[in-house]
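Both counts, for ligands and for their atoms, begin at 1 and track the order of listing.
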Amino acid sequence: MSLSLVRPARILLLGPPGSGKGTQTARLLDRFGMPAISSGDLLRKHIADKTAIGTQATDIMKAGGLLPDSIMTNIIYTELRARSWLSSAFSFLLDGFPRTLPQAQLLDSNILIPHHATLNFVVKLDVPHEIILDRIANRLVHVPSGRVYNLTYNPPKVPGKDDVTGEPLTRRPDDNPAVFRKRLVEYDSHTEPILEYYSSRTDSNKQSIVWTVAGESSDIIFPQLEQEIIRRFGVSEALVSAASA
Ligand code: AMP
């Protein structure tokens, strides 16, 4: 069942590409009704809709590069406004944005500070690079639905076909090992300054808003993340006992 948080949680989920951010995001939505914005999903939608941003994104994403900070900040601002989440009353999760220090600064100065809704929980997923590279080598997607398969852990029932529609599965164009290594290096170089930027911030209980969770699989990471969110933001008592029953 879904749990209701007592205090709104405005979460940034940081983790290397392929670390399972999408899986954690889906489970948080299921557990806490926590809505999320994924910058990568927004860009893939722009590409599918053949917008001007989509055209620019296609080549950059294929090459494992990053889109300009100002474009990304505008995309996220538009999305947050469209969903009316820009208020200190709402919980939300950001996945994939901010990904550089200037994006974190722009997010604060142009979007969150004016709405009294700065981030209050920054989660770093720590997953070993060799595990990630193995996962990527085995990842297939069904593009129209976004369903993701893994040839080792979660293979399709019929090889190469989506379980629901029977349509062909493909590899993400940016899932090749050379591009992926570049994305991992890029991730490391951009993430340190972001963590540094948020590290001195504390929440209303005077604890740092930055928290790291390590694990080799989503099943190991999720229960720790769930408990930490409950500890920091609280859930109503009735719901806690129902959850632990
Ligand atoms: P993801 O699905 O988060 O792995 O993102 C896929 C690709 O989209 C990245 O490799 C980048 O090319 C692009 N992208 C996603 N989010 C951002 C961002 N915040 N800033 C710049 N580029 C981004």
Side-chain angles (χ1 to χ4, degrees), residues 10-26 28-29 36-80 92-112 119 122-125 127 129 131-133 135-150 170-195 197-198 218:
R10 294 178 296 276
I11 302 178
L12 166 62
L13 190 55
L14 288 169
S19 61
K21 293 192 299 291
T23 305
Q24 300 299 334
T25 302
L28 289 173
L29 173 65
I37 290 179
S38 151
S39 54
D41 285 354
L42 289 178
L43 290 173
R44 282 183 281 278
K45 185 159 189 318
H46 272 281
I47 292 173
D49 293 346
K50 299 191 169 28
T51 67
I53 290 173
T55 309
Q56 188 176 357
T58 306
D59 291 341
I60 296 176
M61 286 170 75
K62 248 189 219 150
L66 292 178
L67 276 96
D69 294 328
S70 56
I71 290 185
M72 290 311 302
T73 308
N74 279 333
I75 292 176
I76 297 296
Y77 187 30
T78 306
E79 196 65 20
L80 282 166
F92 61 79
L93 181 144
L94 298 179
D95 161 13
F97 179 95
R99 218 178 185 102
T100 64
L101 179 59
Q103 288 180 13
Q105 291 164 331
L106 285 169
L107 175 68
D108 268 340
S109 61
N110 294 5
I111 308 179
L112 299 183
L119 300 179
V122 175
V123 177
K124 183 187 173 211
L125 297 186
V127 179
H129 282 192
I131 300 273
I132 292 173
L133 287 166
R135 265 192 218 157
I136 290 317
N138 288 306
R139 175 154 79 172
L140 289 175
V141 290
H142 177 241
V143 173
S145 67
R147 274 185 285 280
V148 178
Y149 296 85
N150 181 288
T170 51
R171 287 189 185 277
R172 262 172 59 166
D174 48 359
D175 271 1
N176 79 63
V179 171
F180 219 82
R181 263 187 211 103
K182 180 175 171 198
R183 292 175 67 199
L184 286 174
V185 170
E186 188 134 40
Y187 166 81
D188 283 341
S189 69
H190 286 118
T191 303
E192 271 318 305
I194 296 179
L195 287 169
Y197 176 75
Y198 290 115
S218 299

At a 4.0 Å threshold, what atoms of ligand 1 neighbour a non-hydrogen atom of [X]?
X	result
Arg44	2 (O), 6 (C)
Gln103	18 (C), 19 (N), 20 (N), 21 (C)
Arg183	1 (P), 4 (O), 6 (C), 10 (O)
Met61	6 (C), 7 (C), 8 (O), 12 (O), 13 (C)

For ligand 1, which is the ligand I care about here, please tell me if [X] has any N or O atom under 3.5 Å from one of the ligand's N or O atoms.
X	answer
Asp41	no
Leu66	no
Leu67	yes
Gly96	yes
Ser39	yes

| query | Quick one: does Arg172 get within less than 4.0 Å of ligand 1, heavy atoms only? | reply | yes
| Pro17 to ligand 1, any heavy atom closer than 4.0 Å | no
| Option whose closest heavy atom lies nearest to atom 14 (N) of ligand 1, chosen from Thr100, Leu43, Leu42 | Leu43
| query | Distance only, no hydrogens: is a donor on one side chain within 3.5 Å (strictly under) of an acceptor on the other, for Thr100 and His190? | reply | no
| note | Checking heavy atoms under 4.0 Å, the part of Met72 that sits near ligand 1 is side chain
